[in-house]
There are 2 protein chains.
Amino acid sequence: MENSDSGSCRRKTACANRGGKGHYPAQPMNTFIRKSVEELQAYTPGEQPKVEGLIKLNTNENPYPPSPAVARALKSTPVDSLRFYPDPVCSALRERIAAINGCSPDQVFVGNGSDEVLRLCMRAFTQPGGSVASFEPSYSLYPVLAASEELDYMEVPLKEDFTWFDPPDELAASVFFLANPNAPTGVVYPEATLQAFSERFSGVVVLDEAYIDFAEGDNSWIWAQNRKNVLLCRTLSKSFSLAGIRLGYAIGSTGLIDALYKLKDSYNVDCLAQTIALAALEDIEWMQDNVRRIVTTRKRVVMELEKRGFRMVPSGANFLFVEPPSGQPAADLFESLQAQKILVRYFPEGRTGSYLRVSIGTDAEMDAFLCAVST
Amino acid sequence: MENSDSGSCRRKTACANRGGKGHYPAQPMNTFIRKSVEELQAYTPGEQPKVEGLIKLNTNENPYPPSPAVARALKSTPVDSLRFYPDPVCSALRERIAAINGCSPDQVFVGNGSDEVLRLCMRAFTQPGGSVASFEPSYSLYPVLAASEELDYMEVPLKEDFTWFDPPDELAASVFFLANPNAPTGVVYPEATLQAFSERFSGVVVLDEAYIDFAEGDNSWIWAQNRKNVLLCRTLSKSFSLAGIRLGYAIGSTGLIDALYKLKDSYNVDCLAQTIALAALEDIEWMQDNVRRIVTTRKRVVMELEKRGFRMVPSGANFLFVEPPSGQPAADLFESLQAQKILVRYFPEGRTGSYLRVSIGTDAEMDAFLCAVST
């Protein structure tokens with residue numbers, strides 16, 4: 001099954017455990033709990049250990065701080081204002097996002113991180129017992145969300161080198177979750193290919209652009225905003241250095257956006273997150289400067305790793321997906337790095353099991369990483 | 001049907017519109033959208049208008065600021081820390097909540113407001129197409145969440161005076177959402193009655209205690225924490241003056257709590273909310289002082305309104321549910337108050353339609369309210 005180029009997609013039944021541990025939990029069923037929830041294997045976020053001196057290259061956090069405008073906004077927020085409910089529909093933030101992207105505020109949905117946006121898409125754009133699809137490999141949260149929503153999850157295997165493989169025309173899924181750049185590979189798909197696919201696909205294409213700011217070229221995506229079946233999903237977690245405040249958003253046709261608003265929790269985004277996000281989005285230059293620094297570092301690390309015999313997947317993100325020099329299992333290098341207090345991410349299952357995902361940190365952090373992999 | 005004391009519960013089919021507007025939306029169906037979402041009438045939160053000089057008694061916000069410890073915690077948070085993901089399971093906060101309540105941290109779930117907790121309960125403790133129940137009237141979010149989860153919603157009518165009515169033994173619901181004090185009435189049910197019901201009910205009882213700190217007596221609820229089918233749901237929005245940060249939590253058996261953790265978004269509570277909530281929960285006295293002030297004001301307002309001929313429902317919350325003196329429609333008083341820049345909450349449908357819900361503000365705000373209703 002691994003490395004399949006056949007183009008046939010694989011159907012995973014709803015609630016299937018990931019990792020071959022069987023369908024039923026070891027513990028006796030709790031009769032109060034929904035069956036699909038008992039069987040659900042929750043998503044495992046990257047570790048957040050509190051180890052002194054640790055170099056943390058495992059969760060794609062930005063190594064540079066958010067804009068000074070964020071600090072100012074936070075400082076000038078009167079604490080007394082916390083006793084009021086936040087704006088339930090993030091009006092000011094939607095206007096700002098709309099202005100940046102050249103769309104209307106009612107084409108913008110703001111969520112508690114793009115996690116919330118993705119979960120709501122899974123629900124809003126499917127019928128009960130329906131199917132969603134994605135590439136394999138892609139963001140490991142998608143199958144968890146599908147199982148949690150009791151949907152079939154279909155995987156379309158990418159090519160051997162993780163580049164685009166055209167999903168079959170008869171793909172019976174109502175949503176395609178399409179991370180671009182892809183995670184955990186970092187691969188950027190050609191824009192024309194995405195556009196052609198969205199014209200061909202009968203359901204909703206969720207373009208998950210968590211890492212788009214690190215990709216080169218013009219990423220304004222006007223065509224996508226004007227398609228009724230495309231939703232762009234973005235986050236302030238990576239390029240804006242704001243993973244801690246949980247702020248994601250979607251841009252799309254009002255038909256799709258309205259459905260997300262109907263389903264969201266009444267006050268889904270807290271008032272400080274709204275204030276901070278607004279400040280950050282008024283200082284785009286700060287974000288762009290940080291992105292430039294990270295991309296420069298990425299290019300340097302790519303060259304250095306190639307010299308050391310690593311197989312590199314071309315990345316348009318703030319991380320690299322790398323295969324250690326021949327003979328060295330990725331799991332061994334993962335452990336060796338951990339012993340040297342360098343934490344990267346390892347996805348042991350399937351064909352991602354021979355790679356490591358390495359976030360781009362500061363130059364000093366990457367020098368330590370390069371030194372550690374050279375020994 | 002109104003004011004029914006018959007004890008028969010009413011079944012509402014999933015996705016039924018509230019308010020007799022019919023099952024199908026006026027707009028043409030968008031084929032990308034889940035049918036139940038198209039039909040869903042989203043919850044309407046209380047208005048948050050920006051009107052100068054407005055006296056806002058419509059959303060049960062606390063008129064007093066949060067603890068100074070909150071300001072200190074906020075000020076001492078390094079802005080650089082916002083670039084990291086928050087603790088996905090709120091470890092420090094769960095330990096603090098456990099210590100306050102005399103339970104174990106793994107009996108505590110922390111959510112993005114109790115909105116999230118209630119939504120997850122709706123999902124985790126039902127089977128697909130199942131049923132949940134609540135009293136009528138009760139918190140108007142419950143039927144919206146049920147419709148959103150495609151569940152049947154059954155209403156057990158309270159007595160004429162909004163006091164407890166024993167749900168029938170054969171109640172075929174897997175969760176009973178039981179607000180205590182109830183919303184929008186403010187009625188506190190006898191603890192022994194709740195305990196007896198939870199022993200009799202075959203499903204999960206979600207005791208929604210958003211307003212419990214304003215009720216008199218010992219509310220430690222040790223019995224509830226030790227029952228496998230009871231979940232206590234609380235919030236920092238009201239008594240802790242922190243509606244803006246979205247922090248709710250649940251306490252219950254690990255079987256129930258684990259299910260909520262499986263379903264939640266990966267990083268559901270942002271880092272500032274965690275920091276602020278921890279600070280607030282380390283200054284319980286501040287909250288209790290504010291609660292005492294609010295309860296004192298409430299008692300005074302009750303006496304003054306009784307003098308003016310209002311019919312009062314006994315309240316253990318930070319609001320009053322009042323019927324205007326005979327002959328005056330609640331809708332008229334609502335509008336008259338609005339014209340005087342005083343905003344209260346009005347639920348026009350069913351038997352709540354002859355009442356207004358009035359949040360308890362500062363003494364000055366309540367004097368203005370009393371003056372306005374006397375004219």
Side-chain angles (χ1 to χ4, degrees), chain A residues 30 32-35 37 40 42-43 45 48 59 61-62 64-66 70-71 74 79-88 112-113 115-116 119 123-128 141 148 150 174 203-204 228-229 241-246 255-256 259 261-263 265-268 270-273 276, chain B residues 30 32-35 37 40 42-43 45 48 59 61-62 64-66 70-71 74 79-88 112-113 115-116 119 123-128 141 148 150 174 203-204 229 237 241-246 255-256 259 261-263 265-268 270-273 276:
Chain A
N30 181 329
F32 296 128
I33 311 299
R34 182 179 284 243
K35 192 161 170 288
V37 177
L40 188 67
Y43 174 74
Q48 301 284 2
T59 50
E61 288 148 337
N62 196 311
Y64 304 111
V70 165
L74 201 53
V79 173
D80 180 54
S81 70
L82 301 182
R83 68 189 175 85
F84 295 111
Y85 281 97
D87 177 351
N112 186 38
D115 282 356
E116 183 193 19
R119 173 174 53 77
R123 181 92 186 161
F125 309 142
T126 57
Q127 301 300 336
L141 178 67
S148 157
E150 298 168 350
S174 63
V204 175
K228 278 207 162 60
N229 72 330
S241 313
L242 287 171
I245 67 158
R246 318 307 304 125
L256 302 184
Y261 271 105
K262 276 188 173 183
L263 275 179
D265 291 339
S266 316
Y267 300 98
N268 59 329
D270 74 56
C271 62
L272 292 173
I276 287 172
Chain B
N30 181 329
F32 296 127
I33 311 299
R34 182 178 285 243
K35 191 161 171 286
V37 177
L40 189 68
Y43 175 73
Q48 302 283 4
T59 51
E61 287 148 337
N62 196 309
Y64 304 111
V70 165
L74 202 53
V79 173
D80 180 54
S81 69
L82 302 183
R83 68 188 175 87
F84 295 110
Y85 281 97
D87 177 351
N112 186 37
D115 281 356
E116 184 194 17
R119 173 173 53 77
R123 181 91 186 162
F125 309 142
T126 56
Q127 301 299 336
L141 178 66
S148 157
E150 297 167 350
S174 63
V204 175
N229 72 329
S237 292
S241 312
L242 287 170
I245 67 157
R246 318 308 304 124
L256 303 183
Y261 271 105
K262 276 187 172 182
L263 275 179
D265 290 338
S266 316
Y267 301 97
N268 59 329
D270 74 57
C271 61
L272 292 173
I276 287 172

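Chain A is the first sequence line, chain B the second, and so forth, proteins listed ahead of strands; every chain is numbered from 1.
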Sequence-distant partners of Tyr64(A), ring pair (Phe, Tyr, Trp, His ring centres under 6.0 Å), two or more places apart: none
Can you list the residues that meet the ring pair (Phe, Tyr, Trp, His ring centres under 6.0 Å) rule with Tyr261(B), with sequence neighbours excluded? Phe109(B)
Can you tell me if [X] uses its side chain to pair, donor with acceptor, with the backbone of [Y] under 3.5 Å?
| X | Y | value |
| --- | --- | --- |
| Arg34(A) | Ala124(B) | no |
| Gln127(A) | Ile33(B) | yes |
| Arg246(B) | Cys271(A) | no |
| Arg83(B) | Glu61(A) | no |
| Glu116(A) | Asn268(B) | no |
| Lys262(B) | Val37(A) | yes |

Can you see which heavy atom on [X] is nearest to which on [Y], and at what distance?
| X | Y | answer |
| --- | --- | --- |
| Tyr267(A) | Asp115(B) | N-OD2, 3.7 Å |
| Gly244(A) | Pro86(B) | CA-CD, 3.9 Å |
| Gly255(B) | Asn30(A) | CA-ND2, 3.7 Å |

Below 4.5 Å from any heavy atom of chain B, which atoms of [X] appear? Answer side chain, backbone, both or neither.
| X | value |
| --- | --- |
| Ser174(A) | neither |
| Leu141(A) | side chain |
| Asp87(A) | neither |

Any idea which of Ser81(B), Pro65(B), Ala42(B) has the most non-hydrogen atom pairs under 4.5 angstrom with chain A? Pro65(B)
If you count heavy-atom pairs under 4.5 Å between each of Val204(A), Asn229(A), Ile276(A), Asp265(A) and chain B, which one has the most? Asp265(A)
Best-contacting candidate, Gly113(A), Ala259(A), Pro88(A), Ser266(A), against chain B by heavy atom pairs under 4.5 angstrom: Ser266(A)
If you measure from OG on Ser237(B) to CZ on Phe84(A), what distance do you get to the nearest 0.5 Å? 13.0 Å
Approximate separation, where rounding is to 0.5 Å, of Tyr85(A) OH and Ile245(B) CD1: 11.5 Å
Less than 4.5 Å apart, any side-chain heavy atom of Pro66(B) and any of Val79(A)? yes
Between Leu74(B) and Leu272(A), is there a side-chain heavy-atom distance shorter than 4.5 Å? yes
Please look at Leu256(B) and chain A and tell me whether the side chain, the backbone, both or neither of the residue comes under 4.5 angstrom of a heavy atom of that chain. both
Which bit of Tyr43(B) comes within less than 4.5 Å of chain A, counting heavy atoms only: side chain, backbone, both or neither? side chain
